[in-house]
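Have a look at the structure below before the remarks.
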Amino acid sequence: MIQASQKGRAMSIRVRFAPSPTGYPHIGNIRTVVFNWLFARQQNGGFVLRIEDTDRERYVSDALRVIEDSLEWLGIDWDEGPGIGGDYGPYVQSQRLAIYKQKAEELIDTGKAYRCNCPTERLEQVREALRAKGKTPMYDGRCREKPMGAVSPDEPHVIRLKVPPEGTTTFHDMLRGEITFENRLIDDQILLKSDGFPTYHLAVVVDDHMMEITHVMRGDDWIPSTPKRILLYRAFGWELPIFVHVPLVLGPDGKKLGKRHGATSVDEFRRQGYLPDALFNFLALLGWAPGEGEEQEVFSREELIERFDIRRINLSSAIFSYDKLDWMNGYYIRQMSEQKLLQHLIPFWADAGLISTPVPTEMLPTLRLLVPLVQERIKTLRDAVKLTDFVFVDIETPPVEELIGKKMTAKESLTAIREVQHLMGTLVQFTAEAMEQPMRDLAETLGLKAGQLFGIVRNAVTGKRVSPPLFGTIQALGREQTLKRLENAEKALVAHIEAQQKA
RNA sequence: GCCCCCAUCGUCUAGUCUGGUCUAGGACACAGGCCUUUCAAGCCUGGUACAUGGGUUCAAAUCCCGUUGGGGGCACCA
């Protein structure tokens with residue numbers, strides 16, 4: 001953690017991630033967080049985590065914990081925030097209510113805001129009427145016209161911003177330039193709700209100002225409501241931060257990524273067996289590219305920090321490609337040391353109920369044998385489970401058709417199985433290296449292609465047509481299990497041949 | 001409905017700001033091939049894109065305008 005910035009460090013940039021604990025952080029928001037974090041780390045600036053828990057109705061109790069866990073898992077650290085504090089705290093908005101209230105009252109005193117006690121039903125009616133006329137639904141300003149004091153501070157009410165009825169409001173976006181809105185289409189935004197909590201607009205402006213945030217980088221779904229906040233900054237007489245609206249991340253259907261798109265929360269990606277470094281790399285490249293003819297796709301965190309450039313963020317939204325993420329994750333897996341991969345794999349085997357944790361010492365050699373076998377075959381860590389489950393649990397003897405080799409009879413297959421049984425039973429060293437050549441020799445002796453023989457054995461021993469390399473698999477399985485499964489296969493073939501003869 | 005943003009292969013993108021070097025490059029995915037005990041991995045090859053109409057210019061993917069398309073927003077939600 002770097003020391004929280006002092007006011008004197010005017011040169012230092014400060015950005016923030018300000019999630020609302022109404023759900024788990026999803027991958028689209030996190031992509032924007034990645035941009036913020038990369039920028040902060042590159043500029044040696046501050047990265048602030050602030051919790052915007054001003055919606056009491058949608059509050060999810062464990063969301064804060066999951067948000068923190070997700071960030072930590074992805075290797076995104078923050079310099080100030082809940083738990084660790086900082087010079088600008090508290091960093092949880094529900095602990096700052098007095099500030100927002102005071103700021104809202106200030107605006108009433110200066111004539112920039114007013115109290116409104118219109119009931120919800122009336123507001124809905126007003127909006128509906130405007131909608132029916134094809135106009136933008138918004139508040140009609142009834143309470144705005146009332147004399148000061150008409151709505152008592154003691155009765156239930158909200159505080160609204162007085163938006164100029166005419167003219168335009170323009171702000172500068174670092175990526176898009178000037179964006180202009182007509183004031184007559186901007187609603188008299190509620191700043192303070194009747195429950196005493198601020199709305200997003202008030203809280204974010206007050207906090208970004210007080211916390212000296214220099215760059216407000218967020219999704220471009222916030223563009224249409226930005227003028228409301230620009231007006232707020234002006235009402236307070238505060239300097240504007242630099243606005244950077246980054247494009248949204250879309251689901252495969254082209255719509256804003258959300259709960260309906262299946263696995264979207266960071267937590268789900270973790271559970272599915274994605275590596276944090278791979279996900280981070282992928283996310284950094286979603287809507288941003290180093291350019292300059294660069295064709296590299298895999299970047300270390302350090303490289304990304306070094307090369308990230310806000311100005312190179314794309315303007316159009318990007319569809320989240322699970323295919324490319326899978327490829328990248330597989331790539332990272334292949335780059336990993338076997339020892340490291342083993343450590344990553346253990347929790348997944350354990351979750352599947354295939355092994356217990358802590359891993360029993362006698363189980364470790366088996367796992368170590370399995371790692372190189374699966375390493376280049378899996379795209380996610382969880383893929384290893386299906387690829388190796390037969391090593392840990394008993395298999396069903398496969399249907400007899402699977403035990404008969406290509407272009408072979410049942411009898412020939414039976415002979416082959418018996419020869420393999422003999423071979424496996426008499427091997428001095430039960431290792432992949434020791435069995436490969438004898439097995440190849442055996443195939444030749446039997447007049448079979450290696451593939452024919454190995455196919456039969458693969459089915460007999462793994463119960464599958466597709467498996468990791470056969471000899472490594474057999475070694476991992478061990479002599480006892482191998483012989484047992486070969487015996488079962490032999491019995492199945494014998495039964496099949498007898499049945500054929502009777503018919 | 002109104003407002004705002006955006007527009008290069010199916011997808012992520014390079015190239016657009018500083019027009020010519022772009023018969024548009026890379027990656028993922030897909031197809032074929034090689035390798036091979038299956039599946040992968042790896043290597044090789046292939047197809048697919050400047051939304052559209054008008055300008056400006058000797059020259060436009062690149063600049064301007066319209067159209068179309070896509071997305072987002074219009075709450076006492078963030």
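Atom set for the values below is all heavy atoms of this structure, side chains included, hydrogens, waters and symmetry mates excluded. Order of the sequence lines fixes the chain letters, A, B, ..., with proteins taken first and strands second; residue numbering starts at 1 for each chain.
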Quick one: is N314(A) getting a side-chain N or O under 4.0 Å of the A14(B) phosphate, OP1 or OP2?
-> yes
Picking from R465(A), K464(A), R458(A), what satisfies side-chain hydrogen bond (donor to acceptor under 3.5 Å, both in side chains) with E402(A)?
-> R465(A)
Under the 3.5 Å rule, do the base of U37(B) and the side chain of R458(A) count as making a donor-acceptor pair?
-> yes
Is there a side-chain contact between L97(A) and P198(A) (heavy atoms, below 4.5 Å)?
-> yes
Under 4.0 angstrom between R312(A) side-chain N/O and G15(B) OP1 or OP2 = yes
Is the phosphate of G71(B), meaning OP1 or OP2, less than 4.0 Å from a side-chain N or O of K255(A)?
-> yes
Centroid-centroid distance, F282(A) to F320(A), less than 6.0 Å = yes
Given the options T462(A), L403(A), V461(A), P398(A) meets side-chain contact (heavy atoms from CB on, under 4.5 Å) only with L403(A)
Counting side-chain heavy atoms from CB outward, which of C3(B), G25(B), C6(B) is closest to E295(A)?
-> G25(B)
Indicate, yes or no, whether a donor-acceptor pair under 3.5 Å links the base of C76(B) to the side chain of S194(A).
-> yes
Look at D207(A) together with K103(A) and state whether they make a salt bridge at an N to O cut-off of under 4.0 Å.
-> no
OP1, OP2 of C76(B) versus side-chain N and O of R127(A): anything below 4.0 Å?
-> yes
Where protein sits on nucleotides 42-47 of chain B, one letter per nucleotide: B base, S sugar-phosphate only, - none, heavy atoms under 4.0 Å | S-----
Check: C39(B) base within 3.5 Å donor-acceptor of R377(A) side chain = yes
Nearest-nucleotide pick for L248(A), side chain only, options being C3(B), G72(B), U13(B) | G72(B)
Answer yes or no: does a side-chain N or O of K193(A) lie under 4.0 Å from OP1 or OP2 of C77(B)?
-> yes
Counting only side-chain N and O atoms of R440(A), is one of them less than 4.0 Å from OP1 or OP2 of U37(B)?
-> yes
